[in-house]
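The structure under discussion appears below in the form of structure tokens.
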Amino acid sequence: MAIQLKLPYTSTLKHRKQGKPPIFNISTPPTLQVHASSSSARQLIGSGAVRPILPKDAASALNSEGFILLDVRPAWEREKARVSGSMHVPLFVKDMDNSPITLLKKWVHFGYIGLWTGQNFTMINPDFVGQVEIAVPDKDAKLLVACGEGLRSMMAASKLHGGGYRNLGWLAGGFNRANDGDFPDVEGTEKLQYATIGGVSYYFLQLLILLQAVGERS
């Protein structure tokens, strides 16, 4: 089954048909490093070196095929909603540098992105592969790499493949594309597919859900 990889760089708002909750996707322009990593990941997926697995098929991969779910989202997203029993090693961590240049970047980030999405100013976790190796030293282990939208997990899969892991799966589209019931055991205060959303956009989403529910009753 072929899966077309589309990674939009602009904010999009899509409504599912038949009364399902809306999907709210927010993605930001990647840096050159992110673009290079995602291009490498696309090649790995296209060649079959990394296996794309849809959210609806993830439970079967975990329960029947022996995959371990590796959640690479930052801690503040995972706290909102997470799959029970999943392993967590963040690909991005909060940038704690307070140098003048970094503070300026943080200010710009908050004005253009942070206020709307609730996302912190982050940096790539320099110990990502090493931390995964500590948690899963067996390079033949089956790892299903997942994030919110699918882009960060593509980057993570590329880094893990470079680190010697050869049985990698990629959650196609990320948790945002999951339906209720795709992952039976979910912990947290939010729905898994909405955990990426924060800031002003979170309240905008809640208003849309409320309006949709009112429309369905009328």
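Just so it is clear, the model here is predicted, and its values are computed rather than measured. This chain uses plain numbering: 1 for the first residue, then up along the sequence.
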Approximate separation, where rounding is to 0.5 Å, of Ser86 OG and Phe183 CZ: 9.0 Å
Compare all side-chain heavy atoms of Phe92 with those of Met123 and state whether any distance is below 4.5 angstrom. no
Are any non-hydrogen side-chain atoms of Val89 and Val72 less than 4.5 angstrom apart? no
Of all the heavy-atom pairs spanning Leu144 and Ile53, show the shortest one and how long it is. CD1-CD1, 3.9 Å
Pick one: which of Val50, Asp138, Val136 meets side chain to side chain contact (heavy atoms under 4.5 Å, CB included) with Leu143? Val136
Taking every non-hydrogen atom, the tightest pair across Leu69 and Ala146: CD1-CB, 3.9 Å
Close side-chain approach of Leu70 and Leu160, heavy atoms under 4.5 Å: yes
Taking the side chain from His88 and the backbone from Arg73, do they hold a donor-acceptor pair closer than 3.5 Å? yes
Atom of Gly188, atom of Arg82 and distance for their closest heavy-atom approach: CA-NH1, 3.9 Å
Indicate the atoms forming the closest heavy-atom contact of Leu171 with Ala58, along with that distance. CD1-CB, 4.0 Å
Nearest heavy-atom contact between Ile124 and Lys159 is CG2-CE, 4.2 Å
Would you give the length of the straight line joining atom CG of Leu168 to atom OG of Ser153, rounded to the nearest 0.5 angstrom? 11.0 Å
Evaluate the side chain to side chain donor-acceptor pair (under 3.5 Å) criterion for residues Asp180 and Gln193: first the C-alpha distance (whole Å), next the side-chain angles of each, then the deciding distance (0.1 Å), finally the verdict. CA-CA 9 Å; Asp180 294 341; Gln193 55 267 47; 3.0 Å; yes
Are Val145 and Trp170 close enough that some pair of their side-chain heavy atoms sits under 4.5 Å apart? no
Taking distance alone, no hydrogens or angles, what donor-acceptor pairs closer than 3.5 Å link side-chain atoms of residues 127-134 to residues at least two apart or in another chain?
residue : atom : partner : partner atom : Å
Gln131  : OE1  : Asn125  : ND2          : 2.9
Glu133  : OE2  : Lys139  : NZ           : 3.1

For a quick test of reading the model, state the closest non-hydrogen atom pair linking Pro90 to Pro74 and the distance between them. CB-CA, 4.2 Å
By ring-ring contact (aromatic ring centres under 6.0 Å, His included) - contacts of Phe67 (at least two apart): none
Is it true that Lys80 and Glu77 have a side-chain N and a carboxylate O under 4.0 angstrom from each other? no
Does the pair Asp71/Arg78 count as a salt bridge with the N-to-O cut at 4.0 Å? yes
Are any non-hydrogen side-chain atoms of Val83 and Phe175 less than 4.5 angstrom apart? yes
Would you say the side chain of Ser158 lies within less than 4.5 Å of the side chain of Leu44, judging by non-hydrogen atoms? yes
When you compare the side chain of Asn179 with that of Lys56, does any pair of heavy atoms fall below 4.5 Å? no
Residue pairs fulfilling side-chain hydrogen bond (donor to acceptor under 3.5 Å, both in side chains) with at least one residue in residues 59-70, sequence neighbours excluded: Arg51-Glu65
